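What follows is a single structure, written as structure tokens, with notes after it.
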Amino acid sequence: MPLSDNVSLINTLDDLTYIRRRRVIQISAATGIGLLTSLFVARGFAFNIFLIGFISLAVSGSLAYRNHVTASSYVLLGSMSLMLFALAATGAGVFDIAMLGYPGVIIFAALLGGVMLFSGVLSLVVVQCIALTWLIMHDVISPNTPFLSWSHLVFIIVIFSVTGFSVYILVYDIRRLMNSLQRENEKVEQNRLQIQHLAHHDPLTNLPNRLLGERLFVKKLKESQEKKLQLALLFIDLDNFKPVNDALGHAAGDRFLQKISQTISGNLSDKESLIRFGGDEFIILASDVENRQQIDQLCKSIIEWCSSEFEILQTNIVVSGSIGIALAPSDGTQFKQLCRKADIAMYEAKHNGRNRFEYYDPKLDKDSDEKFKLIQKLRPAVLNEALSVHYQPLVDLSTGNICSVEALVRWPQCDGTMIMPDKFIPLAERSGLIVPLGQWVLEQACLFAARQYKKGNSSLTVAVNLSFAQFKDGTLPQIVKHALGKAQLPPKKLELELTESILADSAGNIEAQLKEIKGLGVQFAIDDFGTGYSNLNYLRTFEASKLKIDRNFITTLGSNKDEETLVSAIINMADSLGMTTVAEGIENEATLVKLVEMGCDIGQGYYWSKPLPEDKIELLLQENLNGI
Ligand code: C2E
Ligand code: MG
Ligand code: MG
């Protein structure tokens with residue numbers, strides 16, 4: 001059946017019930033009109049039958065009007081078939097023209113009601129036909145074949161019109177229903193396609209996601225292998241994306257990711273596909289790779305695209321990208337395996353200074369294996385407090401007295417060796433262990449300083465290093481308060497060493513936390529100054545009272561004139577900001593003399609002492625106190 005577009009749709013079950021009710025009323029009305037017409041031409045008994053039929057139809061119509069659709073259908077069809085039976089019984093029996101009405105009644109029953117109504121009406125009609133035949137054959141009634149008159153023609157036309165009209169409107173409903181079904185089907189198909197798209201694409205950038213990425217990988221690897229060429233999987237991680245999110249908000253961060261992904265994908269050739277792996281991580285699958293130069297060139301271009309300037313919320317943003325590369329089939333043929341290897345290589349690129357690319361090397365896997373094992377060992381060591389805190393003195397260069405000690409953590413091993421913090425602090429930061437570890441060091445340092453304070457070393461302060469990861473959950477002010485309270489140490493005897501990267505990398509409310517800690521009376525020092533951003537704005541935000549010049553500038557001081565100028569400039573700048581300068585890594589007298597000449601206030605280094613365990617530093621402090 002052709003579906004016409006101008007047929008309105010049936011959308012809900014309520015629509016269907018309403019339509020059925022309307023149709024029963026309409027068929028009752030049409031039959032009623034037919035009967036009225038017949039009343040004008042009917043005589044005698046037929047007139048009475050039409051009259052009774054007309055009244056039954058009025059009852060059926062009013063039932064439908066009151067929403068009793070099933071009851072009204074029974075009344076309508078029951079009265080119609082009885083009327084036809086009466087007409088046939090008083091007329092020519094089974095040859096009477098009233099028989100023409102039966103097919104209409106059966107069709108209405110099929111279309112208006114359920115199986116019950118249909119089988120009921122069909123049975124009634126069959127029974128009536130059998131009854132008519134039996135009554136005539138047993139001479140109970142005698143058929144009365146009338147002479148053809150115009151009134152018969154009127155009856156026939158009325159029967160055809162009522163049946164035709166009713167069938168027409170019911171079939172019209174079926175067409176509407178089919179149209180609705182077709183639209184519904186189209187919607188379902190559209191939804192299916194949309195769900196499929198969502199399942200395979202990242203909603204923010206509309207790039208293929210990991211799932212589709214894996215399929216593309218399988219397809220591209222097959223094509224490359226057929227040509228005996230390599231497939232490169234490039235794992236890209238944006239450097240310094242977090243500060244963008246933190247400073248400008250997540251909406252701006254999202255917009256930035258959209259723009260950067262558009263820039264990269266817009267520049268790629270059809271042999272390369274960009275995939276969003278998650279967060280600020282992307283993957284590029286580059287097929288048909290003939291040599292490494294080809295990949296080197298692609299990586300250089302990607303780094304260039306990543307470092308372009310993007311304008312978001314009237315702010316110009318520049319980030320960079322670190323890329324790790326794994327090749328298929330030489331590094332493996334499984335998507336997940338290559339992602340892991342490229343990820344390891346990407347970390348190596350970050351470790352080597354960011355904004356660069358590195359190829360996967362099995363040696364890196366070994367390193368990461370070792371790191372994993374070390375983290376597994378570190379966890380119980382931290383929980384069982386199996387670490388040790390050493391203290392290195394800081395010397396006031398104007399008096400030569402120890403004014404402070406820096407707490408530096410070590411990890412003693414069973415064989416008597418020590419694992420140094422440079423090796424395990426980054427792992428603790430990555431695994432979250434830095435939070436309990438940092439808290440433990442802080443508590444130990446406060447207890448140590450409190451003991452010294454009670455022994456009369458009232459001018460001594462203790463410095464503790466902090467990591468960015470300790471700011472993450474916002475509980476640092478409580479941890480500091482607790483450590484000071486537990487040791488009963490005056491807050492001004494505690495100094496916290498922060499690196500500039502803390503402000504650049506850390507999420508959340510770092511400034512508020514710093515303010516709260518500052519409010520307690522605790523001092524801040526900027527550690528390793530010169531290696532990070534060397535941003536004067538950060539110095540203001542930290543409200544630090546000390547600036548520790550990084551060891552790398554101090555150890556080469558005698559041999560490098562440029563460095564001398566730089567250190568001198570840092571000391572002058574800190575001085576003008578009212579900050580005390582500390583030189584880390586003084587190993588000899590010549591360096592010390594130079595720094596004193598430059599106006600440096602405090603020194604720290606092997607020249608005086610290496611970091612010492614508690615009993616040894618106590619002796620040193622005692623000698624210092626006694627003026628030895
Ligand atoms: P840092 O805070 O800059 O500590 C100074 C580092 O320089 C110490 O290394 C110290 O032993 C070393 N040093 C001091 N004077 C000299 C010198 O004259 N010559 C040489 N070659 N080195 C000198 P260490 O103890 O290995 O600590 C390394 C870094 O580990 C620290 O650098 C600090 O960033 C981190 N760290 C240590 N303990 C902790 C801790 O409890 N928590 C956190 N978050 N980091 C810590
Ligand atoms: Mg330090
Ligand atoms: Mg330092």
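All ligand and atom numbering here is 1-based and tracks the order in the structure. Just so you know, these numbers come straight off a predicted model, no measurement behind them.
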Report task. Identify the two heavy atoms, one from Ala483 and one from Cys446, that lie closest to each other, and give their separation to 0.1 Å. Result -> O-CB, 3.8 Å
Requested in this report: Run the salt-bridge test on Asp367 and Lys363 with the 4.0 Å N-O cut-off and return the result as yes or no.
Outcome: yes
Requested in this report: Considering the heavy atoms of Asp528, write down every atom of ligand 1 situated less than 4.0 Å from one of them.
Outcome: 3 (O)
Query raised in the report: Hey, is Val441 touching ligand 1 through its side chain, its backbone, both or neither, going by heavy atoms under 4.0 Å?
Result: side chain
**Report entry** Part of Leu437 within contact of ligand 1 (heavy atoms, under 4.0 Å)
**Finding:** neither
Report task. Work out which heavy atom in Leu248 is nearest to a heavy atom in Leu313; give both atom names and the distance. Result -> O-CD1, 4.0 Å
Requested in this report: Run the salt-bridge test on Asp365 and Lys341 with the 4.0 Å N-O cut-off and return the result as yes or no.
Outcome: no
Query raised in the report: Is the shortest N/O to N/O distance between Val409 and ligand 1 below 3.5 Å?
Result: yes
**Report entry** Residue part near ligand 1, for His390, under 4.0 Å between non-hydrogen atoms
**Finding:** neither
Query raised in the report: Of the backbone atoms (N, CA, C, O) and the side-chain heavy atoms from C-beta on, which set of Arg410 has a member under 4.0 Å from an atom of ligand 1: side chain, backbone, both, or neither?
Result: side chain
Report summary line: Looking at Ala463, Gly605, Ser467, the heavy atom closest to atom 44 (N) of ligand 1 belongs to Ser467
Query - Min N/O separation Glu429 to ligand 1 under 3.5 Å - result: no
Query raised in the report: Of all the atoms in ligand 1, which lie at a distance below 4.0 Å from a heavy atom belonging to Gly585?
Result: 15 (N), 16 (C), 17 (C), 18 (O)
Report summary line: Heavy-atom closest pair (Gly279 atom, Arg276 atom, distance to 0.1 Å) is O-NH2, 2.9 Å
Query raised in the report: Which protein non-hydrogen atom lies closest to atom 42 (N) of ligand 1, naming both residue and atom, and how far is it?
Result: Asn465 O, 3.5 Å
Query raised in the report: Is Asp280 paired with Lys242 through a side-chain N to carboxylate O contact shorter than 4.0 Å?
Result: no
Query raised in the report: Who gets closest to atom 9 (O) of ligand 1 by heavy atom: Glu406, Met420, Arg551?
Result: Arg551
Report task. Please check if any side-chain donor atom of Thr461 sits under 3.5 Å from a side-chain acceptor atom of Glu495, or the reverse. Result -> no
Query raised in the report: What closest approach, in Å, do Val582 and Cys600 show between heavy atoms, and which atom pair accounts for it?
Result: C-SG, 4.2 Å
Query raised in the report: Which residue and non-hydrogen atom of the protein lie closest to atom 28 (C) of ligand 1, and at what distance in Å?
Result: Asp422 OD1, 3.4 Å
Query raised in the report: Out of curiosity, is Gly438 lining ligand 1, as in a heavy atom under 4.0 Å away?
Result: no
Requested in this report: Nearest heavy atom to atom 36 (N) of ligand 1 wins, so pick from Ala407, Pro426, Pro421.
Outcome: Pro421
Query raised in the report: Which residue from Leu442, Ile425, Asp527 reaches closest to atom 2 (O) of ligand 1 through any of its heavy atoms?
Result: Asp527
Query raised in the report: How about atom 19 (N) of ligand 1: does it have a protein heavy atom within less than 4.0 Å?
Result: yes
Requested in this report: If you have a sec, work out which protein heavy atom is nearest atom 5 (C) of ligand 1 and how many Å separate them, to one decimal?
Outcome: Glu584 OE2, 4.0 Å
Query raised in the report: Between Lys423 and Trp411, is NZ or CZ placed under 6.0 angstrom from the six-membered ring centre and within 45° of the ring axis?
Result: no
Query raised in the report: Do other residues, nucleotides or ligands put more than 12 heavy atoms under 6.0 Å from Glu311 CD?
Result: yes
Query raised in the report: Of all heavy-atom pairs between Pro611 and Arg410, which one has the smallest distance, and what is that distance?
Result: CG-NH2, 3.4 Å
**Report entry** Intermediate values then yes/no, side chain to side chain donor-acceptor pair (under 3.5 Å), Lys548 and Gln604
**Finding:** CA-CA 9 Å; Lys548 297 185 78 175; Gln604 177 181 2; 2.9 Å; yes
Report summary line: Near the Mg ion (ligand 2) (protein N/O/S, cut-off 2.8 Å, waters excluded) we have Glu406 OE2, Asn465 OD1, Glu497 OE1, Asp527 OD2
Query raised in the report: Cationic tip of Lys610 within the cone over Tyr606's six-membered ring, i.e. under 6.0 Å and within 45° of the normal?
Result: yes
Report task. Scan Glu348, Glu358, Lys350 and name whichever one has a side-chain contact (heavy atoms from CB on, under 4.5 Å) with Ser322. Result -> Lys350
